[in-house]
Amino acid sequence: MLDAVHTRARRGHRTETGTLTSVPLTAEQRRQVALLLGTRWELSGKPVRLQDLAAKLAEHHLTVRGLVEALHGEQIEPDKAHRSRAQAEAAAERDRAATHLTESGVAPDVVERWLSDTGLPRPGSGELEALAEQVATVGTRLRNTSGGIRLAQLAADALHDAHALDADRQLGRGVARLLAIVHDLPRPQRAGRAWRAAWAGAGVMCDGVSSRVLALNLTLTGESPAARLCAAAPGEPVWLTLRSLTGTWTAPASDVFVCENPTVAEAAADALGQTCPPLVCTDGIASGAALDLLAGLATTGCTIHARADFDPAGFTIADQVLSVVPSALSWRFNARIYADECGLSAHHDAPDDLATAVAGLRVVYDRVRSPVHEERVLALLLSDLAVGAGIPTKTSVSSDTPPVMVGYGPRHAQCRDTK
């Protein structure tokens, strides 16, 4: 009952008169209220009238509103007043954030564009001002640096934390997006090309060797070190880093298969060697190197066939691939294959395009929630790659029947723990 009075007060309604018709009371609750309003009211079955409650409380020098405020330990602020105060506080914080940046030397028009970024904290909690102050600190440090500094070194010098400006930190994204505005570059959304370009505009070099991707039989040509690495090891999986992918490179238009687990790449190398179609392995959640490589391959005209484990991380990888290659196709990553592995009897579709396949797969996975790793369908995947290599098998990429296992090389006897 008192909660209802509190709600009326917040909404600006009267609290000393009126009837609480929307408050149903149980027999026990009516008995408790009757200790104040009397047995006659209890037996009447009528709702509580606030004027009756106010009259009884007046005998104890209380008001209905005063009793509720005493129980809550604070005065009741009407919703309208609360919204007005919150809006005023948000506007004030936004102004303070802008002041931090302009006083550090950022142009007012750049500040306004930065403050309009949807990735920033909402003003009013203090987070936006704190972020702007740190961004200003980094900006000031950059202006006092001659250039050629590495990102981790900048973070350690300015913030005493070498990871403070990483792409998965809000401060790192905040500074990078400010630099992108200053240099009229695309807004960075992840640790990829736009991210590195934004920092490079301020003379900051990003780590190029921590981010890597596994590749098999990619035919890259050009000045990039990755092209020389791939050419030097045909039939062997090779690690490519962001650093090795710098410079110009291209690839012939072809089908490129994408998997999550190195076991698939190793098995493909053992079974098919140099005849295996181009294969990219993300080795878990796709890194910036993997996403840059796939985006570049798609740009050259390659058709991307992607898959991952049937689990939440696999869905994340699929979403990552789609973020850089929206036209990607599904490589056995669909509800039909998942249902077969889980022993589900209902018919399920197997769309060609990855986006549609993932949407249908999510529905089935959410009902079962039983992970199926790529190693469970390794025979099927190797058969698909064998078809791409021109080796006759009983199945193809569009088939739904189990394939014949392609023979392994001698290294397959070695055991590898990928989980």
Side-chain angles (χ1 to χ4, degrees), residues 167-168 186 188-196 211-218 220 226 230 237 239-242 245 249 251 253-265 268 276-338 349-365 371-375 377-378 380-381 384-385 388 397-398 418:
D168 60 354
Q189 299 192 49
R190 59 176 181 83
R193 294 179 181 178
W195 169 267
R196 295 192 301 278
S211 181
R212 62 181 191 170
V213 60
L214 190 61
L216 173 64
N217 290 342
L218 284 185
L220 305 185
C230 290
W239 289 106
L240 304 178
T241 64
L242 271 176
L245 287 164
W249 60 267
S254 62
D255 291 305
V256 176
F257 294 84
V258 181
C259 65
E260 174 183 351
N261 297 284
T263 293
V264 178
C276 182
L279 178 67
V280 173
C281 173
T282 63
D283 188 22
I285 298 298
S287 65
L291 297 177
D292 272 15
L293 176 61
L294 293 177
L297 291 171
T299 301
T300 67
C302 291
T303 300
I304 306 299
H305 304 262
R307 66 158 297 106
D309 287 337
F310 293 106
D311 62 11
F315 288 124
T316 297
I317 295 169
D319 290 339
Q320 288 181 300
V321 172
L322 288 169
S323 72
V324 295
V325 189
S327 61
L329 302 181
S330 167
W331 180 24
R332 305 283 190 178
F333 196 62
N334 55 55
R336 183 176 299 173
I337 297 298
Y338 178 71
D349 293 332
D352 289 332
D353 72 283
L354 183 60
T356 305
V358 169
L361 176 57
R362 285 184 192 273
V363 174
V364 180
Y365 184 87
V372 175
H373 298 126
E374 282 182 329
E375 291 83 352
V377 293
L378 182 59
L380 188 59
L381 303 182
D384 292 342
L385 295 173
V397 174
S398 61
T418 62

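A distance of 10.0 Å separates CG of L380 from CG of L385, quoted to the nearest 0.5 Å. In this structure, CG in L378 is found 14.0 Å from NE2 in H373, a value given to the nearest 0.5 Å. For the atom pair T282 OG1 and L214 CG, the distance stands at 9.5 Å (nearest 0.5 Å). How far CD of E374 is from CG of L381: 6.5 Å, rounded to the nearest 0.5 Å. The OG1 atom of T303 sits 9.5 Å away from the CZ atom of F257 when rounded to the nearest 0.5 Å. Atom CG of residue L245 and atom CG of residue L220 lie 7.5 Å apart, to the nearest 0.5 angstrom.
For residues 353-365, the side chain to side chain donor-acceptor pair (under 3.5 Å) pairs, not counting sequence neighbours, are D319-R362, D353-T356.
Counting heavy atoms from C-beta on, the side chains of S254 and P278 come closer than 4.5 Å.
Partners of D349 by side chain to side chain donor-acceptor pair (under 3.5 Å), not counting sequence neighbours: none found. Partners of A357 by side chain to side chain contact (heavy atoms under 4.5 Å, CB included), not counting sequence neighbours, listed by chain and number: S330, N334, P351. The side chain to side chain contact (heavy atoms under 4.5 Å, CB included) search around A313 returns I285, D311, not counting sequence neighbours. For T316, there are no side chain to side chain donor-acceptor pair (under 3.5 Å) partners, not counting sequence neighbours.
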- Task: Let me see the working for L279 and C259 under side chain to side chain contact (heavy atoms under 4.5 Å, CB included), right down to the final yes or no.
- Result: CA-CA 8 Å; L279 178 67; C259 65; 4.1 Å; yes

- Item | Residues C230, L240; criterion side chain to side chain contact (heavy atoms under 4.5 Å, CB included); working and verdict | CA-CA 9 Å; C230 290; L240 304 178; 3.9 Å; yes

- Message: I'd like to know whether D384 forms a salt bridge (Lys or Arg N to Asp or Glu O under 4.0 Å) with R307, so could you lay out the CA-CA distance, the side-chain angles of the two residues, the decisive distance to 0.1 Å, and finally the verdict.
- Response: CA-CA 13 Å; D384 292 342; R307 66 158 297 106; over 6 Å; no

- Mind running side chain to side chain contact (heavy atoms under 4.5 Å, CB included) on V258 and W331 for me, showing each step along the way? CA-CA 8 Å; V258 181; W331 180 24; 5.8 Å; no

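Smallest separation of non-hydrogen atoms from A286 and I317: N-CG1, 4.3 Å. Heavy atoms only, all atoms of each residue included: A328 and L322 are closest at CB-CD2, 4.4 Å. Taking each heavy atom of G288 and S211 in turn, the nearest pair found is N-OG, 3.2 Å. Of all heavy-atom pairs spanning A268 and C276, the tightest one is CB-SG, 3.8 Å. For the residue pair D255 and H305, the shortest heavy atom distance occurs at OD1-NE2, 2.8 Å. Taking every heavy atom of both residues into account, R190 and D292 meet most closely at NH2-OD1, 3.4 Å.
Ring orientation note: the planes of F310 and F333 are close to parallel, at an angle under 30° on the 30°/60° scale.
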Anything under 3.5 Å between a donor and an acceptor, one on a side chain of residues 293-300, the other on a protein residue two or more places apart or in another chain? List them.
| residue | atom | partner | partner atom | Å |
| --- | --- | --- | --- | --- |
| T299 | OG1 | A295 | O | 2.9 |
| T300 | OG1 | A251 | O | 3.4 |
| T300 | OG1 | L297 | O | 2.7 |

